[in-house]
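Below is one structure, written out as structure tokens; the observations come after it.
Convention: sequence-line order gives letters A, B, ...; per-chain numbering from 1.
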Number of protein chains: 2
Amino acid sequence: MPVKKEKLLVPREQYLSAGVHIGLTAKTADMEKFIYKVRPNGLAVLNVATIDKRIGYVANMLAGKKNVLVVSRKENGQDAARKFAELIGAKSILGRFMPGSLTNPTYKEFFEPDIIVITDPLADKQVMKEAVQMRIPIIGLADTFNETTFLDVIIPCNNKGKKSLALVYWILAKLITEKRKEKFEATLEDFGYEK
Amino acid sequence: MPVKKEKLLVPREQYLSAGVHIGLTAKTADMEKFIYKVRPNGLAVLNVATIDKRIGYVANMLAGKKNVLVVSRKENGQDAARKFAELIGAKSILGRFMPGSLTNPTYKEFFEPDIIVITDPLADKQVMKEAVQMRIPIIGLADTFNETTFLDVIIPCNNKGKKSLALVYWILAKLITEKRKEKFEATLEDFGYEK
């Protein structure tokens, strides 16, 4: 059986230097399967090949969608989520999510997306709750300590760090744009990446 | 906030009489989140709304795909998987899965699907292993005792019973066909459903 050479979406070093694989010392049973190892200091580290595979898979899923909502309540994800949404033609909700945005048709900002991307299942709990109620599929970034009960698709990754979030959303935007045969010229810095 | 009425893909009674929600007395940590309750006799029962939501979601995903592989090593899933594959224009592999089918380009039945549907992560372990190696996304039916480590998308359901498997694959086929604006006339019996 021929051995397949590792072929990642970006070089492994780029993932590592953005800390995409870095989890927390705390972990949930839900995320156990994505953990590659626990370092002597107790820090759980995610499997880079799985992160990469899931990013590719989610990009594929989103490329054909028109009506996407991207959410980041957390400050650290906002630059990345904003730029990502802008480039793929999605709506973004950053910061506070107004209850009823997905469930109350009389609310003036009421919105019915086909699919939702959330940056953190804990911080973005309200949107997740409403999406479940409305039966909208949810893609979620999740680190080692997240609960994933309500996520339909999980991208395991460091969803705390600004660099990590910038890289994940940047790769997604790049793949989706390329799949649509559009030009992609955004830099990591446009996504809030700080060296 | 208006209460949304339950709107399932088929009536709840139809799910229940096919036993789609019936799990096993044994359960894995992976599947904990899909379990609605454990009956006094120890039988774990899956959440019907989640089953329904995931079926709809997977149908959406598959509707746009051309190069799909459907696998069922288990006898009880073969009628359903065969008919499903036939109706959506997928390839099916039923019974024994020849090692190398996905990894060895010199093998005459070598095949490179864009996405794979497996009926049981335990019975279909070999295809799962090869799909992981080839980085092909895997959709898997999974009951309360399955491990889901290598599944990218999970349809929680009874993947043991003939009726349950017939119903799940029938709904999937129906939704995909309708999404493609094609006519759907297959009966549950065509999928191996026995009253």
Next on the checklist: Same cluster or not: A:L102 versus A:L94, using hydrophobic residues (I, L, V, M, F, W, Y) connected whenever any side-chain heavy atoms lie under 4.5 Å apart?
Outcome noted: no
Item to check | Residue part contacting chain B, namely of A:T148, when any heavy atom lies under 4.5 Å | outcome: both
Item to check | Note, B:V48 side chain near B:V20 side chain (heavy atom, < 4.5 Å) | outcome: no
Checklist entry - What residues of residues 153-168 of chain A sit under 4.5 Å from chain B when only non-hydrogen atoms are counted? => result A:V153, A:I154
Next on the checklist: I need the single residue from B:E130, B:R73, B:K125 that forms a side-chain contact (heavy atoms from CB on, under 4.5 Å) with B:F97. Which is it?
Outcome noted: B:E130
Checklist entry - Passes salt bridge (Lys or Arg N to Asp or Glu O under 4.0 Å), A:K33 versus B:E147? Steps please. => result CA-CA 10 Å; A:K33 64 180 182 178; B:E147 308 271 353; over 6 Å; no
Checklist entry - Are there more than 12 heavy atoms of other residues, nucleotides or ligands under 6.0 Å from atom NZ of A:K91? => result yes
Next on the checklist: At a 4.5 Å cut-off on heavy atoms, which part of B:D114 comes close to chain A: side chain, backbone, both, or neither?
Outcome noted: neither
Checklist entry - Quick one: does A:V127's side chain get under 4.5 Å of A:I116's, heavy atoms only? => result yes
Checklist entry - Hey, which of B:I115, B:V132, B:D52 has the most heavy atom pairs under 4.5 Å with chain A? => result B:D52
Checklist entry - Would you say the side chain of B:S101 lies within less than 4.5 Å of the side chain of B:F110, judging by non-hydrogen atoms? => result no
Item to check | B:L24-B:I51 co-clustered via ILVMFWY side chain contacts under 4.5 Å | outcome: no
Item to check | Options A:T149, A:I136, A:D152, ranked by heavy-atom pairs under 4.5 Å with chain B, top entry | outcome: A:D152
Checklist outcome for this item: Honestly, the part of B:T106 sitting under 4.5 Å from a heavy atom of chain A is neither
